[in-house]
Amino acid sequence: MNMKKYRTWMIFCLTGLLAWANAWAQQETVFPTLLPTQGDRPAREEAIRPDSLTLSTDDLGKIVDLRQQFARQNSLYKAALTPNERLLRFLRKDELQMSDEALYWARLVRDVSTLIDSHMTFRDTMIVNPLFMPLLFKGDFLPDDLTFYNPDTLRRTTPYERLTSPNIEPLFARERLGQTLERSAYRYIQNNHPTLFHYSLNDLPQDEVIQPRTIWRDIDRTRLFQVQADTTFNNDVDDLPRFIPERRYWTSAFESTIQLSESYVSKNWSGGGNSNLNMLTRQYVMYNYEKDRVKFTNELEVKLNMNAIPSQIDTVHNYKVNDDLIRISSNVGLKAFEKWYYTFNFEFKTQMVENYAENSETLLAAFLAPMTINVGPGMKYELLKSDFKTRHRSVDFKVNIQPATYNFMYSTHSDAKMDLGRHGFKLRKGEIPEGENAYEHVLNEIGTRFEANLTFNINRSISWVSKMIYYTTYKKVNWDFENTFNLQISRFFSTRINLHVKYDDGVAKSEDFRSYFQFNQLLSFGFNYKW
């Protein structure tokens, strides 16, 4: 049964019953004396017949006048009074006063349609199981043949149709079965328990969806960008505000390298060999100053390369120093023209640890034994280029020419245990007392010095650093050439290939190597960090 027809029929029945009861009550009131008592049933039936109904003058006087009845009821009625402000404040004090903006956001949160993406087709449809929703009489149902796809696309025959099993479950068969069960349960409650429906579609609010309203901040937007009409531009640059960043005159650089290599061979190893431990460390710090035409360069380099000596080779010492250097260099320059500077150079070099000859107590080098100081004026050329097509490629080339330079060399060890001849000290003249060194421990020279430094960053991971020093007194030559290839594997690890070549014809030749050339080559891997 349709719910609307059922409700209309109920209202019609209730209206008829109320009308009949009202008529019966009025009949009992208007004609109280005309009706016989309940015990006299035949007389009562005779009295209510229309042809036997007679009214006397007394009976007519007892009929209540409708006008008098309405006047009596109106006398008891009092008109409603308009509430004053105090009563209104009392009634409204428990009500929550909210602004339009707050009401908008509260309704937006409670609006279920906003939870569905705007790109969806059915924004007012909740895809849930109706069996778990509140019972609501919603009238017509969706058509049973409602589909979200084209059924004809599933009916096309293909060459592979005969290869498939005919008992394949149709598409969405389980979903259709679930919908059928839901409709059956809903209709059962609708037909057998209609009182469980507490709401219908007519009870739901019919207002439109709340339209969002833009809320602007309390900002005077007309004054965000204000341009004066009489603004004029001129060529006076001083009138315009300029931002000049603070310049840094002091710059620094740092590089740290610590690399190790270790090999252990047991005594019964079939191939033979010796255990060894090699260590290389290099610490480099640069601190420069540049302002206008003045340039001040300061460098500190500490380098040590040593390895453990097996007891079978050297029975006296446990380690051997291959390379040891402490170098402090300062260069003050005044720009002359373009990339040339007038300079004054200072350099100090010495060793850090003691180094001995194999199976001997002869001291080869030690701290301040010897030490070398070189000072003198000169001209310096600098070239820095980084505008290459290859990324991270740059060239830093420096040349310092000192036509006249003073070279001072001194050794704190002057006894016979120190081998001063290998460092270029001169032989002493005359008879040498027993127990004293045959070479002098002080050397003063004036000569010409030429120094070139090249740093070539091939790419971000490979760099080549080359340094050459040529010094001559026009009686002897000291040529020092060092090259280092650094292959940066990561930020903290690298592989280094170092080749150091020297030529010094002022030193005494050794018995096992009759040449003025000296070589030192090293391949290492380990920690390397710079900034």
Side-chain angles (χ1 to χ4, degrees), residues 248-262 277-290 295-307 321-333 343 345-353 367 372 374 380 382-386 388 390-400 451-469 480-502 520-531:
R248 297 178 57 186
Y249 299 105
W250 289 95
T251 58
S252 60
F254 172 76
E255 182 177 1
S256 177
T257 302
I258 302 176
Q259 298 179 341
L260 300 173
S261 63
E262 186 267 342
L277 174 64
N278 298 330
M279 183 195 70
L280 168 66
T281 174
R282 180 178 180 269
Q283 311 299 324
Y284 175 79
V285 179
M286 182 180 66
Y287 201 55
N288 297 341
Y289 174 84
E290 184 177 3
K295 193 169 186 178
F296 186 25
T297 304
N298 301 278
E299 294 178 333
L300 170 63
E301 182 181 10
V302 179
K303 182 168 58 174
L304 178 62
N305 180 14
M306 58 189 303
N307 63 286
V321 177
N322 299 325
D323 192 8
D324 188 7
L325 174 65
I326 299 178
R327 183 177 67 89
I328 301 175
S329 175
S330 296
N331 185 278
V332 181
T343 62
N345 188 71
F346 168 83
E347 186 181 54
F348 170 82
K349 293 192 301 182
T350 186
Q351 289 76 28
M352 184 165 50
V353 297
F367 180 68
T372 305
N374 185 277
K380 187 177 182 180
E382 290 189 356
L383 173 63
L384 179 61
K385 185 177 180 180
S386 59
F388 294 95
T390 304
R391 191 178 181 184
H392 302 293
R393 176 171 295 181
S394 63
V395 174
D396 187 3
F397 180 65
K398 300 177 183 178
V399 176
N400 189 18
E451 180 179 352
N453 293 273
L454 172 66
T455 302
F456 181 26
N457 295 317
I458 302 175
N459 52 38
R460 191 172 185 178
S461 303
I462 304 176
S463 62
W464 171 37
V465 179
S466 178
K467 182 177 182 179
M468 186 189 70
I469 300 176
D480 193 325
F481 187 43
E482 183 178 6
N483 293 271
T484 303
F485 287 90
N486 188 21
L487 285 71
Q488 196 76 28
I489 300 175
S490 64
R491 184 180 179 185
F492 298 103
F493 293 95
S494 69
T495 298
R496 295 172 63 90
I497 304 175
N498 180 267
L499 176 61
H500 198 172
V501 182
K502 287 184 180 181
N520 189 349
Q521 185 270 333
L522 177 66
L523 172 63
S524 60
F525 168 80
F527 173 80
N528 179 261
Y529 174 76
K530 61 182 178 179
W531 51 264

Taking side chain to side chain donor-acceptor pair (under 3.5 Å) as the definition, give me every residue that meets it alongside Asp480, ordered by chain and number, with sequence neighbours left out. His500
Heavy-atom closest contact (Glu482 atom, Asn498 atom, distance): OE2-ND2, 3.2 Å
Side chains of Thr495 and Leu523: does their closest heavy-atom pair fall under 4.5 Å? yes
Any donor and acceptor pair, going by atom type alone, linking the side chain of Arg393 with main-chain N or O of Ile458 inside 3.5 Å? yes
Of all residues at least two apart in sequence or in a different chain, which pass the salt bridge (charged side-chain N to carboxylate O under 4.0 Å, His left out) check with Lys398? none
Of Glu299, Glu255, Arg327, the one forming a side chain to side chain donor-acceptor pair (under 3.5 Å) with Tyr284 is Glu299
Which value, rounded to the nearest 0.5 Å, describes the distance between Tyr289 atom OH and Arg248 atom CZ? 14.0 Å
Determine, stepwise, if the pair Asn400 / Asn453 fulfils side chain to side chain contact (heavy atoms under 4.5 Å, CB included). CA-CA 9 Å; Asn400 189 18; Asn453 293 273; over 6 Å; no
Once side-chain contact (heavy atoms from CB on, under 4.5 Å) is applied, do any residues pair with Ser330, and if so which ones, sequence neighbours excluded? Phe296, Asn298
Under 3.5 Å, is there a donor-acceptor pair between the Thr251 and Asn288 side chains? no
How long is the straight-line distance from OH of Tyr529 back to OG of Ser490, given to the nearest 0.5 Å? 12.5 Å
Taking the side chain as every heavy atom from C-beta outward, state whether Leu325 and Lys349 have any atom pair closer than 4.5 Å. yes
Within the 4.5 Å heavy-atom criterion, are Thr455 and Ser394 side-chain neighbours or not? no
Return the minimal non-hydrogen interatomic distance between Met352 and Asp324, and the atom names on each side. N-OD2, 2.8 Å
How long is the straight-line distance from CE of Met306 back to CG of Asn278, given to the nearest 0.5 Å? 10.5 Å
Shortest non-hydrogen contact from Phe493 to Gln488? O-NE2, 3.6 Å
Once rounded to the nearest 0.5 Å, what's the spacing between atom CG of Asn374 and atom CZ of Phe348? 12.5 Å
Walk me through it: do Ser494 and Gln259 pass the test side chain to side chain contact (heavy atoms under 4.5 Å, CB included)? CA-CA 9 Å; Ser494 69; Gln259 298 179 341; 3.7 Å; yes
Test item: side-chain donor near acceptor, Asn322 and Asn307, under 3.5 Å: yes
List the steps, then state whether side chain to side chain contact (heavy atoms under 4.5 Å, CB included) holds for Glu382 with Lys295. CA-CA 11 Å; Glu382 290 189 356; Lys295 193 169 186 178; 2.4 Å; yes
Hey, what's the ring geometry for Trp464 with Phe456, parallel, tilted or perpendicular (30° and 60° as the breaks)? perpendicular
Of the non-hydrogen atoms in Ser466 and Phe481, which two are nearest, and what is the gap between them? OG-CE1, 3.4 Å
Test item: Met279 and Leu304 side chains (from C-beta on) under 4.5 Å apart, heavy atoms: yes
How far apart are the C-alpha atoms of Arg496 and Leu522, what are their side-chain angles, what is the distance that settles it, and do they pass the side chain to side chain contact (heavy atoms under 4.5 Å, CB included) test? CA-CA 8 Å; Arg496 295 172 63 90; Leu522 177 66; over 6 Å; no
Working to the nearest 0.5 Å, report the span between CD1 of Ile497 and CG of Leu499. 10.0 Å
What's the shortest heavy-atom distance between Gln283 and Ser256, and which atoms? OE1-OG, 2.8 Å
Rounded distance (nearest 0.5 Å) linking atom CZ of Phe367 with atom OG1 of Thr350: 6.0 Å
In terms of heavy-atom contacts, Ser463 and Lys530 come closest through OG-NZ, 4.4 Å
